[in-house]
2 protein chains.
Amino acid sequence: MTEQDAKRGPDSAEPAPAPYGAAIDLLTVPFAGAPIFTRARALRPTGKVLPEHARSHNRALVLQTLYTAGAQSRADVARETGLTRVTISDLVADLIAEGLVIELGQREDARPGKPAILIDVDRAAFQIIGVDLSEHQRFLGAVIDLDGGIVSRAEVDRAGATGERAVDLVIELVRGMLASTTTPVLGIGVGSPGVVDPLGVVRSAPNLGWTDVALQARLANEFSLPVHVANDANVAVLAEHGASQLDDLLLVKIGHGVGAGLIIGGRPVIGGGFAAGEIGHVVVGTDGGPRCACGKHGCLEVWLAVPRLTARLDAIDPESPDAASARDDILHEAGRRLGIVLAPVVGALNLAEVVLSGPAELLDGALHEATVETLRNRTMAEHNRDLRLRMTAQAQDIVLRGAAVMVLSGQLGVA
Amino acid sequence: MTEQDAKRGPDSAEPAPAPYGAAIDLLTVPFAGAPIFTRARALRPTGKVLPEHARSHNRALVLQTLYTAGAQSRADVARETGLTRVTISDLVADLIAEGLVIELGQREDARPGKPAILIDVDRAAFQIIGVDLSEHQRFLGAVIDLDGGIVSRAEVDRAGATGERAVDLVIELVRGMLASTTTPVLGIGVGSPGVVDPLGVVRSAPNLGWTDVALQARLANEFSLPVHVANDANVAVLAEHGASQLDDLLLVKIGHGVGAGLIIGGRPVIGGGFAAGEIGHVVVGTDGGPRCACGKHGCLEVWLAVPRLTARLDAIDPESPDAASARDDILHEAGRRLGIVLAPVVGALNLAEVVLSGPAELLDGALHEATVETLRNRTMAEHNRDLRLRMTAQAQDIVLRGAAVMVLSGQLGVA
DNA sequence: TCATGTTTGTTAGTAAAGCTTACGAACAAA
DNA sequence: TTTGTTCGTAAGCTTTACTAACAAACATGA
């Protein structure tokens, strides 16, 4: 415990309730003569805003500016944020005192005026624990630095563990990684399959035999660190969002199952029942299809889940002269089915970007092409001309890095 | 002009740019020991927050509290908002000075302590002009009070007018309504078909022959009042949102065309190309279908648009013994097609509520039933158990009232 | 070489916003 | 009549970010 104490992030003494209670996440700016649209329309105000909330926001803004733009002077930050140099100096002093920001010495390049002192987020000050529970056979973990770089990896064989035993495995995995950290830990981020509510309770994850497992509370209690838990696909899209900077984004994660993560207007979509993105069991098309484990016929998963796809591909006789085209046909059909399901979503949300995550050898070819073609044929070209469908650049680590983004965002307001 | 001056809402001297420029619409509350979820996760801060922004927000909060809960004392508002009585008194003094709030005299009921002075939004102080351009043959308008009640109506026959002539018709319609207002006007709200950007430029509305028509600017210039313009379905969903209080909502508006409006996490969805909700030309199913004006086969509109539906129904021989069942078949098929398109959207967004707007005699029967049945059969029952599909309660006036909500929200931060 | 201009970061003082504390007014209940 | 409660307001405090001013440290050009 004392060892963990030393590794704690700032302000994380206990996983206490939010200091501002039900305080607010938005400011409306009403009463202007002309319409105001920063992103959406003016919004219903949902709680009071005190000066200290503004301070919190501005501090996060400074951190965000440094985080994305890198080392620069206080004056640079002032210009970029619109706050004054005085205010920035004050905020930066706080951040330095907390160990989040460091001075790097004078700027080298020669220009008139007093030379600037460069400051930056101390990217070596904290590490983050990322956990990916979405694979079928094993749980993955990583120690991740503030830049999203993976410092070290760990994994445990799931060996079919479910229920309480699976929870113990997660705890064991995290404990091992905490022992290997070389700095204080900012927090723990977990991407879990299934439906996860905003408090980090896994409402339902059939593969793991979990029903109403309070994973966030369990881990927070065990390690006395900030913990964030969310659905694996919803976590994955955070990683992609950090990379793409686009504010509307759909990520389809194809693995043992098929799930999606959505960001709209820069905000993750959770869903009324916390089940946003669960498109694996939406029926595709009007021509039936193979029977799914859920009882329906023609669910997206029966066309697209990796086990189903590989089984179908393995059934091809590799000696056959048509083997290559048979393979393409199977992948083409899978891609078409994905396009059919995505078309209404892309149309309704007028999405600019759809990202695929999963085995590139399956997705990044005939399947990808068929999905694009189907989307183009089934939506209004005029509105969705700019739509891009691409493979993720994050490969296997997308959930781990997304988990880090979740912690960064939750603890520092940075991503 | 002097007459209009008298009718102006507060702070609407000129349609000037927003006083706070690119100021901010959200506050993050980072750095808490435990995850903070008001609605979504912590967010990237996107701009500075000054004390006056907090003041604006809190003022809107007071207004919102009074608007929804009705007449009450300053102390009541203080308890409800969490601000102190002192601060509430100060804010209310401002609001009274601006004519937005009035004192109603002492509370009647007998209880201990000094009797409270009731205050309320002065619901008779301002009126709103709502305009609905979504009908094919005519433009509708209404003078609407702050409660959303329709004070008077107006309409002009479109007579096929397009382009500049159609703009002139809108101006004429608004001018007539302004002449009939009996109070200052808070603003003008317009629901237009087509793609409308956040600045109120109608990027494209084929029916009206509009391309890049700066309707907001034109009207603001003409009348020197705050003007808000948005897509008709996106406007309609605002009316429904005001009524339902749910934070995730999809409204499907079926008329001459088919469009949708979306609210997710309490925020209207605009879309990357400002074309969110344009589902009319998404292809339904995998079995082809009638040819659409857009060139594709089996678009949602060919199954569901009112002209198509009525044409198909009119083709039934009313004398035939099967007339009733033939009618049901047609409506059932239309509903099924709607369900097929909605299923992926409902699944991906985990929507709690879908609302239908359009001719009740067509929608509120076999069609509605078929849509519900199809949605249930094609999505995961477990996740979408609570899904409700219902007819709007707003009938014909949904766009007009939504336009009023848009103005209320934009000008007062209230809805 | 030296005066001039520029840029940085800090100090001092000010304005705005909401808080705490305190108080008089007005009432119900004992 | 006394006591306790509630309301609205006043006075003063704290926090926050702002403006104004300045010293330090550099480049540039006469």
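Residue numbers start from 1 in every chain, and the chains themselves are labelled A, B, ... in the order their sequence lines are given, proteins ahead of strands.
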- [ ] Would you tell me whether A/D90 and A/T87 have side-chain atoms, one donor and one acceptor, within less than 3.5 Å of each other?
- [x]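 Checked: A/D90/A/T87 side chains show no N/O donor-acceptor pair below 3.5 Å.
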
Open item on the list: If you take any heavy atom closer than 4.0 Å to DNA chain D, which residues from residues 72-80 of chain A end up in contact?
Closed with: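 Heavy-atom cutoff 4.0 Å gives no residues at all.
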
Report the distance from atom [atom1] of [X] to atom [atom2] of [N], rounded to the nearest whole Å.
X: B/L50; N: D/dT15; atom1: CG; atom2: C1'; result: 14 Å
X: B/E103; N: D/dG8; atom1: CD; atom2: P; result: 8 Å
X: A/E52; N: D/dA17; atom1: CD; atom2: P; result: 11 Å
X: A/L83; N: D/dT16; atom1: CG; atom2: P; result: 13 Å
X: A/R59; N: D/dT15; atom1: CZ; atom2: C1'; result: 15 Å
X: B/R85; N: D/dA10; atom1: CZ; atom2: P; result: 14 Å
X: B/Q106; N: D/dC7; atom1: CD; atom2: C1'; result: 10 Å

- [ ] Hey, could you give me each pair passing side-chain hydrogen bond (donor to acceptor under 3.5 Å, both in side chains) that has a residue in residues 115-127 of chain A? Not counting sequence neighbours.
- [x]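 Qualifying pairs, neighbours excluded: A/D120-A/R123, A/R123-A/D147, A/Q127-A/T182.
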
- [ ] Go through the steps to decide whether A/R74 and A/E103 satisfy the test salt bridge (Lys or Arg N to Asp or Glu O under 4.0 Å), and finish with yes or no.
- [x] CA-CA 10 Å; A/R74 292 169 172 84; A/E103 293 195 335; 2.7 Å; yes

Task: A/S409 side-chain N/O to A/V405 backbone N/O, donor-acceptor pair under 3.5 Å - done: no

Open item on the list: So does A/G47 get a backbone contact from the side chain of B/H57, meaning a donor-acceptor N/O pair under 3.5 Å?
Closed with: yes

Open item on the list: The test is salt bridge (Lys or Arg N to Asp or Glu O under 4.0 Å); show your working for B/R55 and B/D94 and say whether it passes.
Closed with: CA-CA 11 Å; B/R55 177 82 171 181; B/D94 281 5; 3.0 Å; yes

Open item on the list: If you assign each of A/A116 and A/P51 to its closest nucleotide in DNA chain C, which residue comes earlier from the 5' end?
Closed with: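 Per heavy-atom nearest nucleotide, the more 5' residue is A/A116.
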
Open item on the list: So, OP1 or OP2 of D/dC18: does either fall under 4.0 Å of a side-chain N or O from A/T87?
Closed with: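 So the side-chain polar atoms of A/T87 do come within 4.0 Å of the phosphate oxygens OP1 or OP2 of D/dC18, strictly under.
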
- [ ] Tell me whether the OP1 or OP2 atom of D/dA17 has a side-chain N or O from A/T84 closer than 4.0 Å.
- [x] no

Task: Outermost nucleotides of DNA chain C that come under 4.0 Å of a non-hydrogen atom of chain A - done: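 Span of nucleotides near chain A: C/dG5 to C/dC19.
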
- [ ] Take B/R59 and B/E52 through the salt bridge (Lys or Arg N to Asp or Glu O under 4.0 Å) test and state the conclusion after the steps.
- [x] CA-CA 10 Å; B/R59 190 177 68 164; B/E52 66 234 53; over 6 Å; no

Open item on the list: Please classify the nucleic acid contact of B/I88 as base, sugar-phosphate, or nothing, using heavy-atom distances under 4.0 Å.
Closed with: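 Nothing: the residue B/I88, judged by heavy atoms under 4.0 Å, touches no strand.
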
- [ ] Identify, between B/K114 and A/V86, the residue whose nearest nucleotide on DNA chain D lies closer to the 5' end.
- [x]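 Closest to the 5' end, via its nearest nucleotide, is B/K114.
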
Task: 5'-most by nearest nucleotide on DNA chain D - A/L91 or A/P115 - done: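 Of the two residues, A/L91 wins.
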
Task: Minimum heavy-atom distance A/L249-A/S244, with the two atoms named - done: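 The pair with the smallest heavy-atom distance is CD2-OG, 4.0 Å.
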
- [ ] Compare every heavy atom of B/N58 with every heavy atom of A/K48, then report the nearest pair and how far apart it is.
- [x]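 Closest approach of A/K48 to B/N58, heavy atoms only: CA-OD1, 3.4 Å.
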
